[in-house]
Amino acid sequence: MSEIIELKNIEKIYNQGKSNELKVLLDINLKIERGEMVAIFGPSGSGKSTLLHIMGCLDKPTRGKVYIEGKDTSKLFDDSLARIRREKIGFVFQQFNLINVFTALENVEMPMRIAGWSKSKTRERAVELLKSVGLGERLNHFPNQLSGGEMQRVAIARALANKPSIILADEPTGNLDTKTGAGIIELIKDLNKKDFTFVIITHDPRIAESAGKKINIKDGKISR
């Protein structure tokens with residue numbers, strides 16, 4: 001395996017007025033190998049989501065460097081960071097973040113449309129992805145016609161649309177009942193076996209049991 005994400009001496013500090021700093025992340029050093037499934041744990045306010053946003057180039061650290069597939073992202077301008085997010089990273093959110101006026105098929109097509117894929121290839125891949133997550137019969141359903149588990153499957157299919165090597169997931173089972181959450185975990189495990197790298201923020205002990213690596217965050221630091 002090779003390193004697909006590397007964080008070096010990451011700090012994230014927010015200034016909240018004169019002489020008042022909020023230190024969210026402190027001296028984070030972390031390597032994630034290609035093909036790993038990594039679970040990140042920690043109490044609310046520990047810095048987990050901030051860490052995920054920095055890994056995904058959605059936010060920049062105050063100090064330190066983030067390497068994606070060996071590339072130092074601190075040297076990149078916004079358009080290059082956007083390209084990394086579009087081509088290298090897929091995002092899955094607890095709230096699904098589907099567009100309500102789009103069908104499942106259209107939601108999955110959207111990232112490919114933004115990336116400039118042709119209409120025919122976009123449609124073909126979106127259908128293939130939805131079938132692969134068990135929603136071949138729900139292509140033309142809108143989010144309000146889908147269950148929570150089905151919406152999360154659409155969100156996962158959308159995350160895979162541009163063939164990213166990294167999937168970052170923020171509490172992917174957080175809004176789901178136990179049985180539905182178990183189905184999403186099995187789907188993630190199956191995708192991980194196909195060499196997708198997963199980094200998952202979670203409170204779900206079942207994900208911890210499935211992950212090859214567990215990272216605990218407490219008070220902005222990796223807790224050993």
Side-chain angles (χ1 to χ4, degrees), residues 4-5 30 32-59 68 85-86 88-100 102 104-105 107-108 110-111 126 129-136 138 141 143-217:
I4 196 166
I5 301 173
L30 179 62
I32 294 173
E33 306 288 339
R34 187 178 300 275
E36 280 192 310
M37 180 175 170
V38 180
I40 298 178
F41 288 84
S44 297
S46 61
K48 301 187 305 298
S49 292
T50 301
L51 181 61
L52 199 76
H53 290 168
I54 287 174
M55 283 187 191
C57 301
L58 293 169
D59 196 1
I68 302 294
R85 291 193 297 268
R86 186 170 62 243
K88 302 290 186 184
I89 303 170
F91 297 91
V92 179
F93 301 98
Q94 181 177 353
Q95 302 294 339
F96 317 130
N97 288 7
L98 301 180
I99 300 173
N100 290 328
F102 286 0
L105 189 61
N107 268 282
V108 177
M110 182 56 63
L129 285 168
L130 285 166
K131 286 181 177 178
S132 75
V133 298
L135 293 178
R138 311 288 273 175
H141 286 65
N144 64 3
Q145 297 172 315
L146 301 173
S147 68
E150 288 171 335
M151 285 193 284
Q152 194 60 289
R153 286 174 182 269
V154 173
I156 290 171
R158 180 184 59 189
L160 299 173
N162 284 330
K163 301 181 179 181
S165 47
I166 304 163
I167 306 296
L168 302 180
D170 194 349
E171 296 284 4
T173 61
N175 280 343
L176 306 176
D177 61 62
T178 301
K179 182 178 179 181
T180 305
I184 294 299
I185 293 168
E186 288 304 312
L187 175 59
I188 289 172
K189 287 166 61 178
D190 288 343
L191 291 168
N192 179 239
K193 291 174 184 176
K194 296 176 182 177
D195 207 32
F196 287 103
T197 303
F198 276 86
V199 181
I200 307 169
I201 285 178
T202 185
H203 289 99
D204 192 330
R206 296 168 301 174
I207 292 180
E209 292 170 4
S210 301
K213 180 186 290 183
K214 305 169 194 175
I215 297 168
N216 293 306
I217 301 289

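Partners of Lys189 by side-chain hydrogen bond (donor to acceptor under 3.5 Å, both in side chains), not counting sequence neighbours, listed by chain and number: Glu186. Judged as a side-chain hydrogen bond (donor to acceptor under 3.5 Å, both in side chains), and not counting sequence neighbours, Asn97 has no contacts. Evaluation of the side-chain hydrogen bond (donor to acceptor under 3.5 Å, both in side chains) rule for Lys131 yields no partner, not counting sequence neighbours. Residues satisfying the salt bridge (Lys or Arg N to Asp or Glu O under 4.0 Å) test with Asp204, not counting sequence neighbours, are Arg206. With sequence neighbours excluded, no residue satisfies side-chain hydrogen bond (donor to acceptor under 3.5 Å, both in side chains) with Arg85. Residues meeting the salt bridge (Lys or Arg N to Asp or Glu O under 4.0 Å) test with Glu171, sequence neighbours left out: none. Here Lys163 pairs with Trp117, Arg125 under the side-chain contact (heavy atoms from CB on, under 4.5 Å) rule; sequence neighbours left out. Listed by chain and residue number, nothing satisfies the salt bridge (Lys or Arg N to Asp or Glu O under 4.0 Å) test with Asp177 (two or more places apart in sequence, or in another chain). With sequence neighbours excluded, no residue satisfies salt bridge (Lys or Arg N to Asp or Glu O under 4.0 Å) with Arg86. For Ala161, the side-chain contact (heavy atoms from CB on, under 4.5 Å) partners at least two apart in sequence or on another chain are Pro111, Met112, Leu129.
Between Lys213 and Ile32, the shortest heavy-atom distance links the atoms NZ-CA, 4.3 Å. The minimum heavy-atom distance between Gly56 and Phe91, with the atom names listed, is O-CZ, 3.5 Å. The heavy-atom pair separating Leu135 from Glu150 by the smallest distance is CD1-O, 3.5 Å. Here the closest non-hydrogen pair linking Val92 and Ala155 is CG2-O, 4.3 Å. Nearest heavy atoms, Pro143 versus Leu98: CG-CB, 4.0 Å. In this structure, Ile207 and Ala39 approach most closely via the heavy-atom pair CG2-CB, 4.2 Å.
With rounding to the nearest 0.5 angstrom, the CG atom of Leu105 is 14.0 Å from the CZ atom of Arg138. Here the CG atom belonging to Leu160 is positioned 4.5 Å from the CD1 atom belonging to Ile167, to the nearest 0.5 angstrom. The structure places CE of Met37 at 10.5 Å from NZ of Lys193, a figure rounded to the nearest 0.5 Å. The OG atom of Ser210 sits 6.0 Å away from atom CD1 of Ile185, with the distance rounded to the nearest 0.5 Å.
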key: Stepwise side chain to side chain contact (heavy atoms under 4.5 Å, CB included) test for Ile184 and Ile156   = CA-CA 9 Å; Ile184 294 299; Ile156 290 171; 4.0 Å; yes
task = Before giving the answer on side chain to side chain contact (heavy atoms under 4.5 Å, CB included), spell out for Phe96 and Val154 the whole-Å C-alpha distance, their side-chain angles and the decisive distance to 0.1 Å.
result = CA-CA 8 Å; Phe96 317 130; Val154 173; over 6 Å; no
task = Start with the C-alpha distance between Asn175 and Gln152, add both sets of side-chain angles, then the distance that settles side chain to side chain contact (heavy atoms under 4.5 Å, CB included), and finish with yes or no.
result = CA-CA 9 Å; Asn175 280 343; Gln152 194 60 289; over 6 Å; no
task = Kindly determine whether Ile166 and Ile68 satisfy side chain to side chain contact (heavy atoms under 4.5 Å, CB included), including the steps that lead there.
result = CA-CA 9 Å; Ile166 304 163; Ile68 302 294; 4.0 Å; yes
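Sorted by first and then second residue, the pairs that involve residues 42-54 and meet side-chain hydrogen bond (donor to acceptor under 3.5 Å, both in side chains), not counting sequence neighbours, are Ser49-Asp170.
Panel note: side chain Thr173, backbone Leu176; no donor-acceptor pair is recorded below 3.5 Å. Put simply, the side chain of Arg153 gets close to the backbone of Val133: a donor and an acceptor are under 3.5 Å apart. A distance-only check finds a donor-acceptor pair linking the side chain of Asn192 to the backbone of Gly35 [under 3.5 Å].
The shortest side-chain heavy-atom distance between Thr180 and Ser147 does not fall under the 4.5 Å cut-off.
Screening Asp59, Ile201, Ile40 for a side chain to side chain contact (heavy atoms under 4.5 Å, CB included) involving Leu51 leaves a single residue, Ile40. For the side chain to side chain contact (heavy atoms under 4.5 Å, CB included) test with Phe41, the passing option among Ile200, Ile215, Thr202 is Thr202; the others fail.
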